[in-house]
Amino acid sequence: MTTEDRQPYGLVTPTLSRTASIQAHIERAIQELFASFPNPDRLSAEEQRAIIARYTAVLEGNFIYWMTAAYLSVTSGEANAIIRDNLLEEVRDNHPGMLRRFAVAARAIPTDRDAHAVSRHLHGVREFVGRLSGARLVIMMAFFEGFIQRFMPYLEELAKRQGSTETQYTDVHGVCDVAHTQELFHALEAELALMGVPPTAALLEGVGLLAALIQTIVHGGEGR
Ligand SMILES: [Fe+2]
């Protein structure tokens, strides 16, 4: 069943325009993040290592769990199928293992200190994820996929400076997350068609929490 099958014609335009405004918000949030990121030339070797380590600490054990939460919380068949495909690819292609190899090659395996630096904001995102709020979670994950895809050149540059030549993780995520982000917006359209169109601000809570976590990945947090 497609999105159009489920909704009266009169609802198509408002739902799509709501998705467009959410996409625009996510695009701005990603641009704001990148505008704040330091030029790798101005980072010490330890600061470069720590960014890779904190990224790994957040992504390796949480990405599939958060996508699983989105899978469990959506109600439309279309969103369910889209997120299932995303999860299948993550699990089948062992993306956590890919990221671990990337971190090992860059000599950036997360330490206790790296994990502690992101722990407060990571806790905030986990609390939000635990509420299993379908559309809000899909929006957060679309933001996450969009950010990850755009972050790959930066992450790969840091790893090269650490002496790494391992690029499978950054190669795969620089490409596949473009399609994943678009698919998640289709999933969101299907969810919004079922739930009506709540105010945009109410849907963006997860984006704010995840953006704060990403800031601590790049800039460090507690225990720096
Ligand atoms: Fe992945």
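As the structure is a prediction and not an experimental result, all values here were calculated from the model. Position 1 is the first residue of the sequence, and the numbers go up from there.
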NE2 of His219 to CD of Glu47, rounded to nearest 0.5 Å, is 11.5 Å

Under 4.5 Å between side-chain heavy atoms, hopping through other hydrophobics if needed: is there a path connecting Leu122 to Tyr65? yes

- Message: Determine whether a donor-acceptor pair (N or O, by modelled atom type, separation under 3.5 Å) exists between the side chain of Arg49 and the backbone of Arg107.
- Response: no

May I ask whether Leu192 and Ile82 are part of the same hydrophobic cluster, defined by side-chain heavy atoms of I, L, V, M, F, W, Y residues being less than 4.5 angstrom apart, directly or through others?
no

- Query: His173 vs His95 aromatic rings, parallel, tilted or perpendicular, using cut-offs 30° and 60°?
  - Reply: perpendicular

Separation between CG (Leu203) and OG1 (Thr19), nearest 0.5 Å, reads 9.5 Å

Exercise. Heavy atoms, side chains only, cut-off 4.5 Å: are Leu184 and Glu145 in contact?
Worked result: yes

One should read off an interatomic distance between Thr68 OG1 and Asn62 CG, to the nearest 0.5 angstrom, of 11.0 Å

Original post:
Do the ring centers of Tyr154 and Phe34 come within less than 6.0 Å of each other?
Top reply: no

Steps toward side-chain contact (heavy atoms from CB on, under 4.5 Å) verdict (Glu156, Asp171) = CA-CA 9 Å; Glu156 190 172 306; Asp171 287 346; 3.9 Å; yes

Between the side chains of Lys160 and Glu157, is the shortest nitrogen-to-carboxylate-oxygen separation below 4.0 Å, so that they form an ion pair? no

Nearest heavy-atom contact between Leu194 and Thr75 is CD1-OG1, 3.7 Å

Between Phe144 and Trp66, what is the ring plane arrangement, given parallel below 30°, perpendicular above 60°, and tilted in between? tilted

Without swapping roles, check the side chain of Thr167 against the backbone of Thr170 for a donor-acceptor pair under 3.5 Å.
-> no

To the nearest 0.5 Å, atom CE of Met141 lies from atom CG of Leu188 at 13.5 Å

Of all heavy-atom pairs linking Val118 and Leu213, the shortest is O-CD1, 3.7 Å

When rounded to the nearest 0.5 Å, the distance separating NE2 of His25 from CG of Leu204 is 4.5 Å

Worksheet item: Within the distance-only criterion (no hydrogens, no angle test), does the side chain of Glu191 pair as donor or acceptor with the backbone N or O of Ser76 below 3.5 angstrom?
Response: yes

message: If we count only N and O atoms by modelled type, under 3.5 Å, do the side chains of Gln215 and Ser36 hold a donor and an acceptor together?
response: yes

Does the pair Arg161/Asp41 count as a salt bridge with the N-to-O cut at 4.0 Å? yes

query = Does the side chain of Leu59 reach to within under 4.5 Å of the side chain of Ile148, using non-hydrogen atoms?
reply = yes

Are Val91 and Tyr71 linked, directly or through intermediate hydrophobic residues, by side-chain heavy-atom contacts shorter than 4.5 Å (ILVMFWY only)? yes

For Thr56 and Ala103 the tightest heavy-atom approach is OG1-CB, 3.6 Å

**Prompt:** Are any non-hydrogen side-chain atoms of Met140 and Val129 less than 4.5 angstrom apart?
**Reply:** yes

For this session: Taking the side chain as every heavy atom from C-beta outward, state whether Glu90 and Met67 have any atom pair closer than 4.5 Å.
Result: no

(message) Go through it in stages, so that I can follow the logic: the residues are Met98 and Val172, the test is side-chain contact (heavy atoms from CB on, under 4.5 Å), and I'd like the CA-CA distance, side-chain angles, deciding distance and then a yes or no.
(response) CA-CA 9 Å; Met98 216 182 267; Val172 165; 4.1 Å; yes

- Should the pair Arg150-Glu27 be classified as a salt bridge under the 4.0 Å nitrogen-to-oxygen rule? yes

Note: Ala53 and Asp114 closest approach over all heavy atoms is CB-OD2, 3.3 Å

Note to self: I'd like to check Ile51 versus Leu43 (side-chain heavy atoms, cut-off strictly below 4.5 Å). Are they in contact?
What the structure shows: yes

Closest heavy-atom pair, Glu166 versus Phe102, reported as atoms and distance to 0.1 Å, is O-CD1, 3.5 Å

With the 4.5 Å side-chain cut-off for hydrophobic clustering, are Ile139 and Met195 part of the same group?
yes

Assess the residue pair Phe151 and Val218 against the criterion (side-chain contact (heavy atoms from CB on, under 4.5 Å)); give the C-alpha distance rounded to whole Å, side-chain angles, the decisive distance to 0.1 Å, and a yes or no. CA-CA 11 Å; Phe151 191 58; Val218 174; 4.1 Å; yes

dist Ile83:CD1 -> Glu78:CD (nearest 0.5 Å) comes out at 10.5 Å

Would you say Leu88 ends up clustered with Val138 if hydrophobic residues are merged whenever their side chains have heavy atoms under 4.5 Å apart, either directly or through other cluster members?
no

Requested in this report: In sequence, state the C-alpha distance, the side-chain angles, and the governing distance for Gln162 and Ile52, and then conclude on side-chain contact (heavy atoms from CB on, under 4.5 Å).
Outcome: CA-CA 10 Å; Gln162 294 292 111; Ile52 300 169; 4.1 Å; yes

Closest non-hydrogen atoms of Leu137 and Ser73, given as atom of the first, atom of the second and distance, are CD1-OG, 3.5 Å

| field | Validation row: Phe37, Ile214 side chains within 4.5 angstrom (heavy atoms) | value | yes

_Taking Glu60 first and then Arg100, would you say they form a salt bridge - that is, a charged N and a carboxylate O separated by under 4.0 Å?_
yes

Is the ring pair Tyr55/Tyr169 parallel, tilted or perpendicular, if the boundaries are 30 and 60 degrees? perpendicular

